[in-house]
Amino acid sequence: MSIFIGGAWAYANGSLHLGHISSLLPGDLLARYYRLKGEKVLYVSGSDCNGTPIAIRAKQEDVTPNEIANRYHEEFVDCFSKLGFSYDTYTRTDTAHHHKIVQEIFLVLLENGLIYKKEIEQTYCEYDQQFLPDRYVEGICPNCGAHSRGDQCDSCSTVLEPLALLNRTCKLCGNPPSTRKTEHFFFSLSSLQSKLETYVKEAERNNLWRENALSLTKRYLKEGLLDRAVSRDLPIGVNVPVAGYEDKKIYVWIEAVSGYYTASKLWAKETNNDDSVFWDASATSYYVHGKDNIPFHSIIWPGILAGIGKESLPTHIISNEYLTLEKKKLSTSRNWAVWVPDLLNRYDPDSIRYFLTINAPESRDADFSWKEFIYSHNTELLGAYGNFVNRTLKFIQKSFNGIIPANDITPDIQNKITRLYDEVGSYIEAGSFKQGLERVFGIIRFSNKFFDEQKPWIQVKDDLESCRQSLADCVYLIANLAHILSPFLPFSSNRVKKMINTTEDGWKPFIVTPGQLLNVEPLFVRIDLERIEAERNRLADQTI
């Protein structure tokens with residue numbers, strides 16, 4: 001089976017915060033799991049280096065957009081690596097390769113009659129002497145009355161055009177913009193209405209999308225799809241490949257989502273592989289992002305794929321709700337955020353991965369609090385998982401010279417682990433990562449109780465054979481729990497595998513070969529509870 005996984009592309013205009021990681025982490029869990037199953041996996045993403053936010057940041061700092069893009073792309077690569085994201089290809093949208101493939105997609109859509117030219121009125125700033133990109137225009141959303149930018153309202157998710165905003169102002173100078181006529185290219189989304197309706201009904205019937213994606217997409221379809229501009233007067237981006245229009249750029253909403261396809265082509269080129277299996281009707285695809293990106297993945301990208309004749313429309317939409325911080329909405333402008341580069345300097349990446357999975361905003365908004373983060377580390381990772389691993393292996397080290405006992409495994413223990421592989425695999429495939437992780441930690445709690453009930457510290461004196469049996473069962477539990485947890489907690493799982501000297505692959509139960517334990521060390525270190533208040537103060541001090 002071919003599995004394509006696309007993680008949303010973050011704008012390279014500022015550091016990653018926990019909200020980004022919360023919405024993107026499911027992609028890595030999926031990729032690691034399906035590789036263990038032996039499926040053919042392609043997991044791609046990249047940095048969006050062409051968007052208006054980069055141009056705005058460059059103007060603010062009086063540097064070139066390329067300097068901004070380079071800075072944050074390199075930072076993203078470093079953060080994703082430290083967090084264990086296992087992309088097959090992580091690229092960027094300002095490469096010659098990406099520009100070339102996006103232009104080819106544009107021309108195919110044009111040739112197929114899905115792109116046409118139209119004269120329109122567009123916002124123009126008389127003070128700055130330029131047409132304004134949609135994100136340079138701010139005002140009041142006509143649908144819900146919230147403050148909004150010109151491309152989409154974050155409050156009600158309505159996709160907008162700048163001229164629809166009330167009380168419009170230019171983001172650069174704060175003056176009300178005027179309007180001028182200009183000619184642009186449009187994507188005929190309205191002509192794909194029927195096809196997309198059929199596609200969404202099938203996704204609903206097969207229960208493949210998150211509920212937020214389904215309800216929002218059905219709303220757009222009920223309102224009727226509108227044709228959207230696919231070119232803009234922008235300073236940076238992909239040139240429109242049509243004679244006489246080279247000074248215009250392909251609009252970011254069509255160009256950025258096409259990055260999934262251009263990244264796939266880049267992977268094929270660099271690894272000498274055929275990527276066509278990921279773009280035919282038999283492929284399974286997961287698109288992982290936050291709910292603000294839903295229409296681009298459930299309508300725009302399927303429309304583009306259908307328009308260029310690809311059969312592999314997105315099968316699974318994994319769209320998280322929002323992550324709040326200490327019960328308040330994240331705000332990058334006010335610096336009310338936990339920044340990933342800073343967090344990684346001070347905390348274990350598996351602690352971050354664990355918390356953002358067990359508290360994932362899969363069906364409703366979730367909150368990150370320093371108290372819950374530190375308590376979850378100390379209670380679950382250290383107190384439950386780490387404790388079971390450490391007490392078992394330390395006991396073997398002390399009482400059996402570090403030699404793992406050889407015994408048949410108790411059938412009831414084997415059955416529990418066999419069921420666990422099946423259940424957790426099903427949860428992951430369905431996009432229910434939180435439930436899968438909860439199920440694993442249920443067995444970890446069972447394992448600690450089992451160790452306590454067997455009392456190997458008494459068995460070793462009174463019944464050596466029973467002690468060997470108990471410890472063989474516990475090592476079997478440890479090995480398989482670490483293996484099942486490897487998509488979720490890759491770093492600690494690898495440490496466990498090194499300690500028990502196993503390199504097992506696949507997604508199925510296995511028995512550890514008896515032998516010498518290697519370098520038994522604690523999996524996790526306790527975090528001092530005083531850090532809770534220190535982190536809260538740090539957050540308050542940085543907020544504008």
Side-chain angles (χ1 to χ4, degrees), residues 1 29-30 32-39 354 357-358 380-381 383-393 395-396 400 403-460 463-490 492-494 496-497 499-515 517 523:
M1 186 161 64
L29 307 185
L30 286 160
R32 288 177 177 275
Y33 163 73
Y34 275 115
R35 290 191 195 110
L36 285 174
K37 279 197 75 181
E39 308 294 2
Y354 173 79
T357 303
I358 207 71
E380 297 297 316
L381 290 181
Y385 181 37
N387 181 48
F388 176 57
V389 172
N390 193 61
R391 71 201 298 213
T392 301
L393 301 188
F395 189 89
I396 293 171
F400 290 87
I403 305 296
I404 297 172
N407 273 77
D408 292 335
I409 306 304
T410 303
D412 180 56
I413 299 288
Q414 284 186 307
N415 291 337
K416 282 184 183 297
I417 290 297
T418 298
R419 287 198 301 273
L420 189 64
Y421 275 97
D422 291 340
E423 290 169 358
V424 175
S426 295
Y427 281 131
I428 292 174
E429 291 182 23
S432 299
F433 311 102
K434 179 179 179 177
Q435 287 180 276
L437 190 53
E438 285 173 342
R439 188 73 186 89
V440 179
F441 271 78
I443 298 298
I444 287 172
R445 285 185 281 277
F446 158 82
S447 301
N448 272 306
K449 185 179 178 184
F450 175 79
F451 188 93
D452 291 337
E453 290 173 344
Q454 298 306 302
K455 297 182 173 62
W457 58 92
I458 294 176
Q459 289 176 326
V460 73
D463 187 346
L464 194 59
E465 186 53 39
S466 292
C467 185
R468 290 180 185 277
Q469 181 65 59
S470 298
L471 294 173
D473 286 341
C474 285
V475 171
Y476 175 80
L477 286 164
I478 285 169
N480 284 280
L481 285 167
H483 197 54
I484 293 170
L485 281 170
S486 58
F488 301 95
L489 309 174
S492 54
S493 291
N494 285 339
V496 172
K497 290 177 182 182
M499 286 190 270
I500 61 178
N501 200 19
T502 180
T503 57
E504 193 68 24
D505 211 348
W507 189 258
K508 60 185 185 300
F510 66 95
I511 296 174
V512 178
T513 304
L517 288 173
L523 269 189

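Given the structure is predicted, the values throughout are model-derived calculations rather than measurements.
Under the 4.5 Å side-chain criterion, counting only non-hydrogen atoms from C-beta, Val389 is in contact with Met499. Counting only heavy atoms from C-beta outward, the side chains of Ile484 and Leu420 approach each other to under 4.5 Å. Proximity of Leu523 to Asn390: side-chain heavy atoms (C-beta onward) are nowhere separated by under 4.5 Å. Residues Ser493 and Phe488 are not in side-chain contact: their nearest non-hydrogen atoms beyond the backbone lie 4.5 Å or more apart. Phe450 has its side chain out of reach of Asp412: every pair of non-hydrogen atoms, C-beta onward, lies at least 4.5 Å apart. Residues Phe451 and Trp457 are in side-chain contact: their nearest non-hydrogen atoms beyond the backbone lie under 4.5 Å apart.
Tyr385 meets the side-chain hydrogen bond (donor to acceptor under 3.5 Å, both in side chains) test with no other residue; sequence neighbours excluded. In terms of the side-chain hydrogen bond (donor to acceptor under 3.5 Å, both in side chains) criterion, residue partners of Asp463 (sequence neighbours excluded) are, by chain and number, Ser466. For the side-chain hydrogen bond (donor to acceptor under 3.5 Å, both in side chains) test, no residue two or more places apart in sequence or in another chain qualifies with Lys434. Residues forming a ring pair (Phe, Tyr, Trp, His ring centres under 6.0 Å) with Tyr476 (at least two apart in sequence, or on another chain): none. Partners of Tyr354 by ring pair (Phe, Tyr, Trp, His ring centres under 6.0 Å), not counting sequence neighbours, listed by chain and number: Phe441. Under the rule for a salt bridge (Lys or Arg N to Asp or Glu O under 4.0 Å), the partners of Asp452 that lie at least two apart in sequence or sit in another chain are Arg391. For Lys455, there are no salt bridge (Lys or Arg N to Asp or Glu O under 4.0 Å) partners at least two apart in sequence or on another chain. Scored by the salt bridge (Lys or Arg N to Asp or Glu O under 4.0 Å) test, Arg445 finds Glu380 as partners (sequence neighbours excluded). For Tyr421, the ring pair (Phe, Tyr, Trp, His ring centres under 6.0 Å) partners are Trp507, not counting sequence neighbours. With sequence neighbours excluded, no residue satisfies ring pair (Phe, Tyr, Trp, His ring centres under 6.0 Å) with Phe433. In this view, Arg468 satisfies the salt bridge (Lys or Arg N to Asp or Glu O under 4.0 Å) rule with no residue, not counting sequence neighbours.
With rounding to the nearest 0.5 Å, the separation of CD1 in Ile478 from CG in Leu485 is 12.0 Å. Annotation: the span from Ile417 atom CD1 to Lys508 atom NZ amounts to 14.5 Å, rounded to 0.5 Å. For the atom pair CD (Glu438) and OG (Ser432), the distance works out to 10.0 Å, reported to the nearest 0.5 Å. The CG atom of Leu471 lies 9.5 Å from the CD atom of Gln454; values are rounded to the nearest 0.5 Å. Note that OG1 of Thr392 is 8.5 Å distant from CG of Asn387, once rounded to the nearest 0.5 Å.
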Exercise for review: Go through the steps for Glu465 and Asn407 under the test side-chain contact (heavy atoms from CB on, under 4.5 Å), then give the verdict.
Suggested key: CA-CA 9 Å; Glu465 186 53 39; Asn407 273 77; 2.8 Å; yes

Exercise for review: For Ile403 and Ile396, run side-chain contact (heavy atoms from CB on, under 4.5 Å): C-alpha distance rounded to whole Å, both residues' side-chain angles, the deciding distance at 0.1 Å, then the answer.
Suggested key: CA-CA 7 Å; Ile403 305 296; Ile396 293 171; 5.7 Å; no

Point to revise | Audit row: Leu517, Asn501, side-chain contact (heavy atoms from CB on, under 4.5 Å) steps and yes/no | key: CA-CA 7 Å; Leu517 288 173; Asn501 200 19; over 6 Å; no

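In this structure, Asn480 contributes its side chain and Phe510 its backbone to a donor-acceptor pair below 3.5 Å. In this structure, the side chain of Thr502 does not engage the main chain of Lys497 through any donor-acceptor pair within 3.5 Å. In this structure, the side chain of His483 does not engage the main chain of Pro509 through any donor-acceptor pair within 3.5 Å.
Of all non-hydrogen atoms in Gln459 and Cys467, the two that sit nearest each other are OE1-CA, 3.4 Å. Taking every heavy atom of both residues into account, Pro487 and Leu29 meet most closely at O-CD2, 2.9 Å. Closest approach of Ala406 and Pro514 over heavy atoms only: CB-CG, 3.4 Å. Residues Leu477 and Ser447 share a closest heavy-atom pair of CD1-OG, 3.5 Å. Taking all atoms of both residues into account, the shortest heavy-atom contact from Ile428 to Leu30 is O-CD2, 3.5 Å. Looking at every heavy atom in both residues, Val475 comes nearest to Leu393 through CG2-CD2, 4.4 Å.
Applying the 6.0 Å contact sphere to CG of Asp408 captures no more than 12 heavy atoms from other residues, nucleotides or ligands.
Among pairs with a residue in residues 414-432, those fulfilling salt bridge (Lys or Arg N to Asp or Glu O under 4.0 Å) read Lys37-Glu429, Glu423-Arg439, at least two apart in sequence or across chains.
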